[in-house]
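Proteins get letters first, then strands, A, B, ... in listed order; numbering begins at 1 in each.
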2 protein chains.
Amino acid sequence: MNDLSQEQQVAFQAACRQAGLRLTPQRIEIFRELARAKDHPSAETLHRRLVERMPSLSLDTVYRTLGTLASHGLIMRVDTIESQARYEVAQLLHHHLICRSCKEIFDFQWQSVDNAALPDAVKSWGRVERKNVVAYGICNKCLKK
Amino acid sequence: MNDLSQEQQVAFQAACRQAGLRLTPQRIEIFRELARAKDHPSAETLHRRLVERMPSLSLDTVYRTLGTLASHGLIMRVDTIESQARYEVAQLLHHHLICRSCKEIFDFQWQSVDNAALPDAVKSWGRVERKNVVAYGICNKCLKK
DNA sequence: ACAAAGATAAGAATCATTCTTAAAAAAGAA
DNA sequence: TTCTTTTTTAAGAATGATTCTTATCTTTGT
C-alpha cells in the first residue's frame with residue numbers, strides 16, 4: 001500500500017461521509033480491492049478475491065456495494081458487451097481497448113479526443129457528461145495463439 | 001420498404017450464404033425488423049414486434065439469431081451498461097450518445113475521431129478493429145422533466 | 001423429390017443480479 | 001460510554017435475461 005492508495009483511501013472515506021454513506025469494513029475493503037485491481041473485475045471476481053480476507057463477505061454485499069458506489073460516482077461501471085458487469089475506480093480520464101478473444105481491458109489515454117468538442121449535431125441533444133472511446137480488437141497475446 | 005432497405009436485404013442474404021448460414025424466414029424477418037428499427041432494440045423488444053407478424057416465433061430464436069448474426073459481423077451488439085443486450089445493423093461508422101435517464105441511444109458521426117490514429121501507446125497492444133465513442137449524459141426530453 | 005445438415009419451438013435449466021427479512025453494526029445524541 | 005435511530009449486512013429466495021436440450025421441421029445440395 002503506497003502513498004497513492006493511502007490517499008485514495010482517505011479520499012474515498014471522505015466522499016462516503018459526504019454522500020451520507022456509512023463506512024463499513026465491507027465497503028472499505030471492496031473499494032480497496034477494486035482500487036488495487038487492474039483488470040476491471042466483475043462482482044464475482046472481486047468477491048472471490050475478498051473472501052480470502054473476509055470469509056463472511058457475501059456476494060450480495062459486493063453487488064450492492066458496487067451499485068451504491070457507482071450510483072454515487074465513486075466508481076464506474078465499464079461499458080462492455082459482456083454479460084457480467086465490470087467496474088473500475090473512477091480514475092483520471094481514459095479509454096478502453098478490449099480484446100474480443102480474452103476480454104482483457106486495457107486502459108489508454110487519448111487527450112486529443114478528451115479535449116475535442118463533440119460535433120455540432122450533438123449540441124441539441126442535451127447535456128453530455130462524459131465521453132469515452134471503446135476500441136475492439138485482438139491483443140498480441142491472443143494473436144500469437 | 002424503400003430501395004435502401006431492399007438493397008440491404010439482398011446484401012444480407014448474400015452475406016448469409018457466404019457465411020454458410022441458411023436463409024430462414026425467421027432470420028430474414030429478424031434482420032428486416034432490426035434494420036428498420038432505429039432504437040437499438042433488445043431481443044425482447046424485437047420479439048414483441050415480430051410476434052405480430054410471426055405468431056409462432058420464439059424468443060429463443062430471436063436470441064439465437066441475434067447471437068449468430070453478431071458473431072458473423074452482420075449486426076452489432078451495442079456497448080452499454082444495461083442488463084439487456086441491445087443490437088443494431090452494422091451501418092456506416094457512427095458513435096453513441098446514451099441518456100442515463102431514459103436509456104435512449106442516439107447515433108452520431110464524428111469523422112475527426114474516425115480518421116484519427118490511435119495514440120502510439122496503443123500500437124503495441126495488438127490489432128485494433130474498430131473504435132467507437134460512447135458518450136453519456138441526459139437528453140433534452142429528460143432534462144425537461 | 002431425397003438425404004444430410006442445420007434451424008426452430010417449447011420448455012427446462014443456468015447465470016447474473018436483486019429482493020426479503022431478521023440480525024448486526026455505524027453514527028449521532030445524551 | 002450507552003442509548004437510539006437508521007443503515008447495512010448475510011442468507012437464501014426470487015427474478016430477469018439468456019442459453020441449453022430435445023424432438024420436430026426446413027433448407028439446401030443432389
K.L.:
Under the criterion side-chain hydrogen bond (donor to acceptor under 3.5 Å, both in side chains), I'd like the reasoning laid out for B:N132 against A:Y136: C-alpha separation, chi angles, the key distance, then a yes or no.
P.N.:
CA-CA 9 Å; B:N132 291 95; A:Y136 279 88; over 6 Å; no
K.L.:
Would you kindly give the CG-to-P distance between B:D60 and D:dC20, to the nearest whole Å?
P.N.:
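Nearest whole value for this atom pair: 10 Å.
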K.L.:
For A:D114 and A:H94, which I'm curious about, is there any donor-acceptor pair between the side chains at under 3.5 Å?
P.N.:
no
K.L.:
Whole angstrom is fine here: how far is it from CD1 in A:I28 over to P in D:dT8?
P.N.:
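Rounding to the nearest Å, CD1 of A:I28 and P of D:dT8 are 13 Å apart.
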K.L.:
I'd like to know if the side chain of A:T68 reaches the main chain of A:R64, judged simply by a donor and an acceptor atom lying under 3.5 Å from each other, with no hydrogens or angles considered.
P.N.:
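Judged by distance alone, yes, a pair lies under 3.5 Å.
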K.L.:
Heavy-atom nearest nucleotide on DNA chain D for B:P25 versus A:P25: which residue maps closer to 5'?
P.N.:
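Nearest nucleotide further toward 5': that of A:P25.
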K.L.:
Which sits closer to the 5' end of DNA chain D, A:M54 or B:A43, going by the nucleotide each is nearest to?
P.N.:
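Final value for this comparison: A:M54.
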K.L.:
Only distances under 3.5 Å count here; give the side-chain donor-acceptor pairs of residues 116-128 of chain A to other protein atoms, sequence neighbours excluded, each with its distance to 0.1 Å.
P.N.:
| residue | atom | partner | partner atom | Å |
| --- | --- | --- | --- | --- |
| A:D120 | OD1 | A:K123 | NZ | 2.7 |
| A:R127 | NH1 | A:E129 | OE2 | 2.9 |

K.L.:
Hey, is the side chain of B:Y63 poking within less than 4.0 Å of OP1 or OP2 on D:dT19, counting only N and O atoms?
P.N.:
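Indeed not, no polar side-chain atom of B:Y63 lies that close.
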K.L.:
Checking only heavy atoms, does the side chain of B:R22 share a donor-acceptor pair with the base of C:dA5 at less than 3.5 Å?
P.N.:
yes
K.L.:
Between P on D:dT7 and CZ on A:R17, what's the gap in Å once rounded to a whole number?
P.N.:
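Rounding to the nearest Å, CZ of A:R17 and P of D:dT7 are 17 Å apart.
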K.L.:
B:Q84 has an atom CD; how far is it from atom P of D:dG16, in whole Å?
P.N.:
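Between P of D:dG16 and CD of B:Q84: 11 Å.
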K.L.:
I need the CD-P distance between B:E82 and D:dT18, as an integer number of Å.
P.N.:
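It is 10 Å, rounded to the nearest whole Å.
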K.L.:
How are the rings of B:W110 and B:H95 set relative to one another: parallel (under 30°), tilted (30 to 60°) or perpendicular (over 60°)?
P.N.:
perpendicular
K.L.:
Heavy atoms, side chains only, cut-off 4.5 Å: are A:Q8 and A:Q91 in contact?
P.N.:
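They are in side-chain contact.
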K.L.:
Can you measure B:L46 atom CG to D:dA17 atom P for me and round it to whole angstrom units?
P.N.:
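Computing the B:L46:CG to D:dA17:P distance gives 15 Å.
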K.L.:
Heavy atoms under 4.0 Å, any strand shown: does B:S42 hit a base, just sugar-phosphate, or nothing?
P.N.:
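The residue B:S42 makes no contact with any strand.
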K.L.:
Hey, what bend do you get for the helix from C:dA1-D:dT30 to C:dA30-D:dT1 if you fit axes on five pairs at each end, rounded to 10°?
P.N.:
40°
K.L.:
Just the rounded figure in Å: distance from C1' of D:dT28 to CG of B:L21.
P.N.:
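Whole-Å distance recorded here is 13 Å.
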K.L.:
Reckon B:A85 touches a base, only the sugar-phosphate, or nothing at all at heavy-atom distances under 4.0 Å?
P.N.:
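Sugar-phosphate only.
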K.L.:
Is any side-chain N or O of A:T24 closer than 4.0 Å to OP1 or OP2 of D:dT8?
P.N.:
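Checking D:dT8 against A:T24, no side-chain N or O comes under 4.0 Å of OP1 or OP2.
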K.L.:
Where does the angle between the aromatic ring planes of B:H40 and B:H96 fall among parallel (under 30°), tilted (30 to 60°) and perpendicular (over 60°)?
P.N.:
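Perpendicular: the ring planes of B:H40 and B:H96 meet at over 60°.
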K.L.:
Return no unless some side-chain N or O of B:S58 is found under 4.0 Å from OP1 or OP2 of C:dT8.
P.N.:
no
K.L.:
Would you tell me if any nitrogen or oxygen in the side chain of A:Q26 comes within less than 4.0 Å of OP1 or OP2 on D:dA10?
P.N.:
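So the side chain of A:Q26 is within the cut-off, an N or O lying under 4.0 Å from OP1 or OP2 of D:dA10.
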K.L.:
Is there a path of hydrophobic side-chain contacts, each under 4.5 Å between heavy atoms of I, L, V, M, F, W or Y residues, that connects B:I30 with B:V89?
P.N.:
yes
K.L.:
Rounded to whole Å, how long is the line connecting atom CG of B:L59 with atom P of C:dA12?
P.N.:
15 Å
K.L.:
Would one find a side-chain N or O of B:R64 under 4.0 angstrom from OP1 or OP2 of C:dA7?
P.N.:
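Indeed not, no polar side-chain atom of B:R64 lies that close.
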